[in-house]
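Every heavy atom of this structure was used, including side-chain atoms; hydrogens, water molecules and symmetry mates were not.
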Amino acid sequence: MVAVPHEVPGTPEYAARMRYAWRVVSVTGFGLVLIGLSVSTLNVALPVLVRHFDAGPLASTWVLLSYLLVSTSTLVFAGRLADVLGRREVFLLGFSLFTVGSLLAGFAPHVGLVIAMRAVQGLGAGMLLANGSALIADAFPPGRLGRGMGVYLATLSVAQLAGPTVGGVIADVAGWQWIFWVNVPTGVVAIVWGTMTLRRAPRGPRVPLDAAGNLLIFLIIAAALVAFSEAGSGGFAQPVVSTGLAVALVLLPMLIVVERRAVNPALNLRLFGERVIATANLASFCNALARAALILLTALYFQAAQGMDTLAAGLAVLPAPIGMALASPVAGFLERHVSPQATSVAGAVISCAGLLVLMMSTAPDTPYWVIAAGLLLAGGGNGTFLTGNSTYVMNLLPSEARGVVNGFRLMVMNVGVVLSVGVSLGVLTGPVSPELRGQVYQGTLSRLSPVAVDQLMTGFQRSYAFLFVVTLLSIAFAAVARRRAAP
């Protein structure tokens, strides 16, 4: 096959395509910066917002979970919508929704509107995540996509690295409103730059959206999230827990039937047929389940147990994103010497070691260097796992299947993120008396009686133990996800 001119390195056409491709990376990178900063800054600044609104435990939890739930459940829908309206148009719409949601959240007169605007942010984030990788894949010539994806994903690590510190500074100096308003100028610049940079592409054939499948996915995730969140704090005997689990269990077989009959299913059940891909995705799910709540739990520990302010807590959790940012490129470099599957197993083992350190170090007077070591190990292990797992799965697939499977993997990981926050916060506040749980989210429990602090330490130990056990499952699934040698 003879390469067309724009695929031949050294030609003017090739150089022009590469210049455009890197501009696309700059646009999509803005999306990851917005998403990464929004999540990581709020994780640290949540107590300030909770104290301002005097929000209860349920509302405090849903400030975080409304965003995660909507962004997760709309990923496949956003990808399908791009086929109808155009990838460029849906991506820019995602920027617009995220920016407007951030602006209005800062003006919210009560916590209910904050939760609603976080859901709007989640819808925008779903559109950005679903289409960012596809825009990059369309822009880069063959053999150069890995470079673009590496830089694209690195922006998320930078945002997560800066987020805790930025969140602490903003919450202490400017007020909780600026946790949201800081996204607005970035969003406006991204919209303008994206409009100028991204080229209109011919739209693909219009296919019916799987409305029933997307609705069922949303309802199942919501029901399970509410059930597990409440079970962690009050046990499984509560009516809301049994009702939520019942709804999820009833809707699950309905989803399977609907997706088997759908022409373009939101959830491609055939992806579960391949053992290696299925177990690798399960390992990714468990890693997300263990990874997502780590910084939030540790930031709450520093504020609620040790009495730190938001700025100090933001600085204190930095070892986790630093470890992740350092380990990810190192793991990629080692691909020549260590298989990606082995890298993913090693990353999960390192993360497990870090969580074990944290689980054994929940006393209020634990030296900071011990906690920092645990965070660094956990973060480095997560970065190593993500690089190895992503590379391994992508290498298993033909190019025409990578977009579909990657979208599915992203949804699976986000489901893990959603459940991680809800379950971990529920387990954390379980040992604390109901009337004091609000003090945990406000970061003021350390000012109360030693008995209340001791109860909270039990909650932190149980929370880290939950993350530890889930990471053990990640190790097991990653180890099983090994291709059998050809006979």
Side-chain angles (χ1 to χ4, degrees), residues 16-42 67 71 75 78-79 82 86-99 101-102 121-141 144-167 182-201 321-322 324-329 331-332 382-383 386-387 390-391 394 402-403 406-407 409-410 413-414 417:
R17 183 173 181 182
M18 287 298 297
R19 287 194 298 271
Y20 171 70
W22 285 117
R23 289 198 298 270
V24 172
V25 170
S26 70
V27 174
T28 55
F30 268 118
L32 287 189
V33 167
L34 278 174
I35 293 169
L37 281 177
S38 176
V39 172
S40 57
T41 55
L42 189 57
Y67 170 89
S71 63
L75 278 168
R87 203 167 302 283
R88 172 185 180 272
E89 286 72 19
V90 172
F91 193 79
L92 293 176
L93 177 60
F95 271 136
S96 301
L97 287 173
F98 199 99
T99 304
S102 299
Q121 283 185 319
L123 179 59
M127 293 179 176
L128 295 173
L129 290 171
N131 295 290
S133 297
L135 284 166
I136 293 174
D138 292 342
F140 274 88
R144 295 292 184 269
L145 176 59
R147 299 181 182 183
M149 289 299 295
V151 173
Y152 171 64
L153 294 174
T155 59
L156 181 60
S157 296
V158 172
Q160 291 174 333
L161 180 62
T165 304
V166 171
V182 72
N183 299 320
V184 175
T186 305
V188 171
V189 171
I191 293 169
V192 173
W193 179 235
T195 302
M196 295 171 56
T197 300
L198 298 179
R199 298 170 182 169
R200 297 181 184 274
I322 287 175
M324 189 170 178
L326 293 176
S328 296
N382 286 329
L386 286 172
T387 299
S390 300
T391 304
M394 292 298 101
R402 287 175 180 169
N406 191 52
R409 287 182 68 249
L410 190 58
M413 290 174 63
N414 275 13
V417 170

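Between the CZ atom in R199 and the CZ atom in R23 there is a gap of 6.5 Å [rounded to 0.5 Å]. Note that CG of L198 and CG of L135 are 6.0 Å apart. Values are rounded to the nearest 0.5 Å. Between I35 atom CD1 and L128 atom CG the span is 5.0 Å, to the nearest 0.5 Å. For the atom pair M324 CE and N382 CG, the distance stands at 6.0 Å (nearest 0.5 Å). Here CE of M413 is found 5.0 Å from CG of L386. Values are rounded to the nearest 0.5 Å. Here the OG1-CD1 distance, from T186 to I191, works out to 11.0 Å after rounding to the nearest 0.5 Å.
Looking at L37 and V182, their side chains never come closer than 4.5 Å, going by heavy atoms from C-beta outward.
S26 and W193 get closest at one heavy-atom pair: OG-NE1, 2.8 Å. Closest approach of G187 to T99, counting heavy atoms only: CA-OG1, 3.3 Å. Residues T195 and R88 share a closest heavy-atom pair of O-NH2, 3.1 Å. Scanning both residues, V90 and A78, for their nearest heavy atoms gives CG1-O, 4.0 Å. Of all the heavy atoms in V189 and F30, the pair that sits closest is CG1-CZ, 3.9 Å.
Every side chain to side chain donor-acceptor pair (under 3.5 Å) that S102 has, sequence neighbours left out, goes to Q121, N183. Residues forming a ring pair (Phe, Tyr, Trp, His ring centres under 6.0 Å) with Y67 (at least two apart in sequence, or on another chain): none.
Not a single donor-acceptor pair under 3.5 Å links the side chain of T197 to the backbone N or O of G194.
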